[in-house]
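Keep in mind that the numbers below use all heavy atoms, side chains included, and drop hydrogens, waters and symmetry copies.
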Amino acid sequence: MNDDAAMRPDPKLLELLVCPLTKGQLIYDGERNELVSRKAGLAYPIRDGIPIMLPSEARILDR
């Protein structure tokens, strides 16, 4: 297994996660390694394969 695959979150976990603010769908951005909530306008980082689902840690999306 290469390092990229080891750092990706489990696909089954991604199916269960929702945005903590909107409870809406999250989209995995493999290029930036983050989970994007378009509804909230936030991108939650994934560090060491673990999604950090804290709004204070999220990047604000350019609208």
Side-chain angles (χ1 to χ4, degrees):
M1 180 184 305
N2 65 29
D3 287 339
D4 290 339
M7 301 310 265
R8 293 187 68 182
D10 184 320
K12 291 182 182 186
L13 174 65
L14 295 180
E15 289 177 17
L16 298 174
L17 290 176
V18 296
C19 175
L21 295 177
T22 68
K23 308 301 184 236
Q25 177 185 19
L26 294 168
I27 299 163
Y28 176 63
D29 180 346
E31 190 173 301
R32 289 185 177 237
N33 200 35
E34 54 191 18
L35 296 173
V36 176
S37 171
R38 290 192 179 131
K39 192 171 183 181
L42 297 173
Y44 299 95
I46 299 172
R47 298 185 188 128
D48 298 323
I50 300 169
I52 310 300
M53 303 304 296
L54 300 170
S56 62
E57 293 287 319
R59 178 175 66 82
I60 298 172
L61 299 175
D62 297 329
R63 297 269 175 170

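Looking only at distances, no side-chain donor or acceptor of Asp48 sits under 3.5 Å from a matching main-chain atom of Ile50.
Here the shortest heavy-atom pairing between Tyr44 and Pro20 reads OH-CD, 3.4 Å. The heavy-atom pair separating Pro45 from Ala58 by the smallest distance is CD-CA, 4.2 Å.
In this structure the side chain of Leu26 never reaches within 4.5 angstrom of the side chain of Pro51, judged on heavy atoms. No side-chain heavy atom of Leu21 sits less than 4.5 Å from a side-chain heavy atom of Ser37. Side-chain atoms of Leu42 and Ile60, non-hydrogen and from C-beta on, do get closer than 4.5 Å to each other.
Residues satisfying the salt bridge (charged side-chain N to carboxylate O under 4.0 Å, His left out) test with Arg32, not counting sequence neighbours, are none. Applying the side-chain contact (heavy atoms from CB on, under 4.5 Å) criterion to Leu16, with sequence neighbours excluded, gives no partner residue. Scored by the side chain to side chain donor-acceptor pair (under 3.5 Å) test, Gln25 finds no partners at all (sequence neighbours excluded). Scored by the side-chain contact (heavy atoms from CB on, under 4.5 Å) test, Ala43 finds Glu34, Val36, Arg59, Leu61 as partners (sequence neighbours excluded).
Among residue pairs with one or both ends in residues 14-29, none qualify as salt bridge (charged side-chain N to carboxylate O under 4.0 Å, His left out); sequence neighbours excluded.
Under a hydrophobic-cluster definition in which Ile, Leu, Val, Met, Phe, Trp and Tyr are linked whenever side-chain heavy atoms come within less than 4.5 Å, directly or via other members, Met53 and Val18 are assigned to different clusters.
The CD1 atom of Ile27 sits 12.0 Å away from atom CG of Leu14, with the distance rounded to the nearest 0.5 Å.
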